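Before any comments, here is the structure.
In listed order, ligands and their atoms are each counted from 1. None of these values were measured; they are calculated from a predicted model.
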Amino acid sequence: MTRVVKKYGGSSVADAKKLYAVARAIAAEHRAGNEVVAVLSAQGGGTNALLARAREIDPDCSGRELDALLATGEQCSVSLCAMALQRLAIPAVSLSGWQAGIETEEVHGSARIMRLSNDRIERELAAGRVVLVAGFQGLSPKGDITTLGRGGSDTTAVALAAFLKADRCQIFTDVDGVYDTDPNRYPDAVKYDRLSYDEMLTLARSGARVLHDRCVEFAKKYGVEIEVRSSFGSGEGTIVAAP
Ligand code: ASP
Ligand code: MG
């Protein structure tokens with residue numbers, strides 16, 4: 001049996017129609033007999049909207065309460081997607097970061113993932129369910145909700161792929177791979193078929209927003225091969241792997 005981690009970003013789950021399209025893609029993977037863990041971001045613009053609400057209350061907000069608020073965006077996405085899957089007659093369960101056992105450092109706003117502290121995901125997979133995990137969040141050793149920094153759902157996906165020993169880790173986005181410049185702004189941008197971890201890190205640090213740089217560090221450390229692909233197009237995308 002193949003174990004697949006799929007991650008969908010905010011623009012891919014932005015409304016009900018897109019969530020259903022994601023649910024159908026996940027359903028197809030499940031029907032093919034594979035174990036599926038899907039990590040979702042907050043619906044497009046959702047994290048910024050939560051941030052704006054917090055800043056109305058306190059322009060300098062940060063720390064524990066801000067993390068507790070921001071983590072709700074991803075929780076909405078996974079529960080909505082679980083409902084869509086259930087309507088498609090696919091057994092599915094949504095989990096927040098802490099339900100999934102994602103333990104992080106005791107840091108707010110940019111925590112690193114340390115380990116999986118329980119076997120809930122394994123148990124849900126063994127029961128034949130698709131597992132939807134809220135990205136971008138975890139639980140600190142003290143028991144507080146933490147977030148991983150903007151774009152952090154990519155890191156959730158790669159960390160889960162490493163800890164669950166997944167066969168594949170796919171990051172779906174609104175572009176069909178990694179380009180040398182922004183393909184939405186420069187039509188002559190060139191897509192890479194394959195990049196090493198270090199090449200991808202250089203691109204991520206120089207401002208390519210397609211992958212969170214910490215997810216690439218994590219992938220390098222654990223040898224997770226990442227497939228960056230378009231959410232709804234076909235095409236091969238970009239593989240980020242050891243050279
Ligand atoms: N929702 C968070 C953000 O907007 C995390 C993510 O999408 O990866 O940064
Ligand atoms: Mg992103």
Answer yes when [X] and [Y] have at least one side-chain N-carboxylate O distance shorter than 4.0 Å, and no when they do not.
X      : Y      : value
Arg3   : Glu122 : yes
Arg64  : Asp144 : yes
Glu217 : Arg205 : yes
Arg214 : Asp154 : no

Could you pull out all residues at least two apart from Thr173 that satisfy side chain to side chain contact (heavy atoms under 4.5 Å, CB included)?
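Thr173 satisfies side chain to side chain contact (heavy atoms under 4.5 Å, CB included) with Val175, Val210, Val228 once adjacent residues are dropped.
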
Could you pull out every protein residue that has a heavy atom closer than 4.0 Å to ligand 1, ordered by chain and then number?
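The 4.0 Å shell around ligand 1 contains Ser41, Ala42, Thr47, Glu74, Phe136, Arg150, Gly151, Gly152, Ser153.
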
Parallel, tilted or perpendicular: rings of Phe218 and Phe163 (30°, 60°):
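Perpendicular.
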
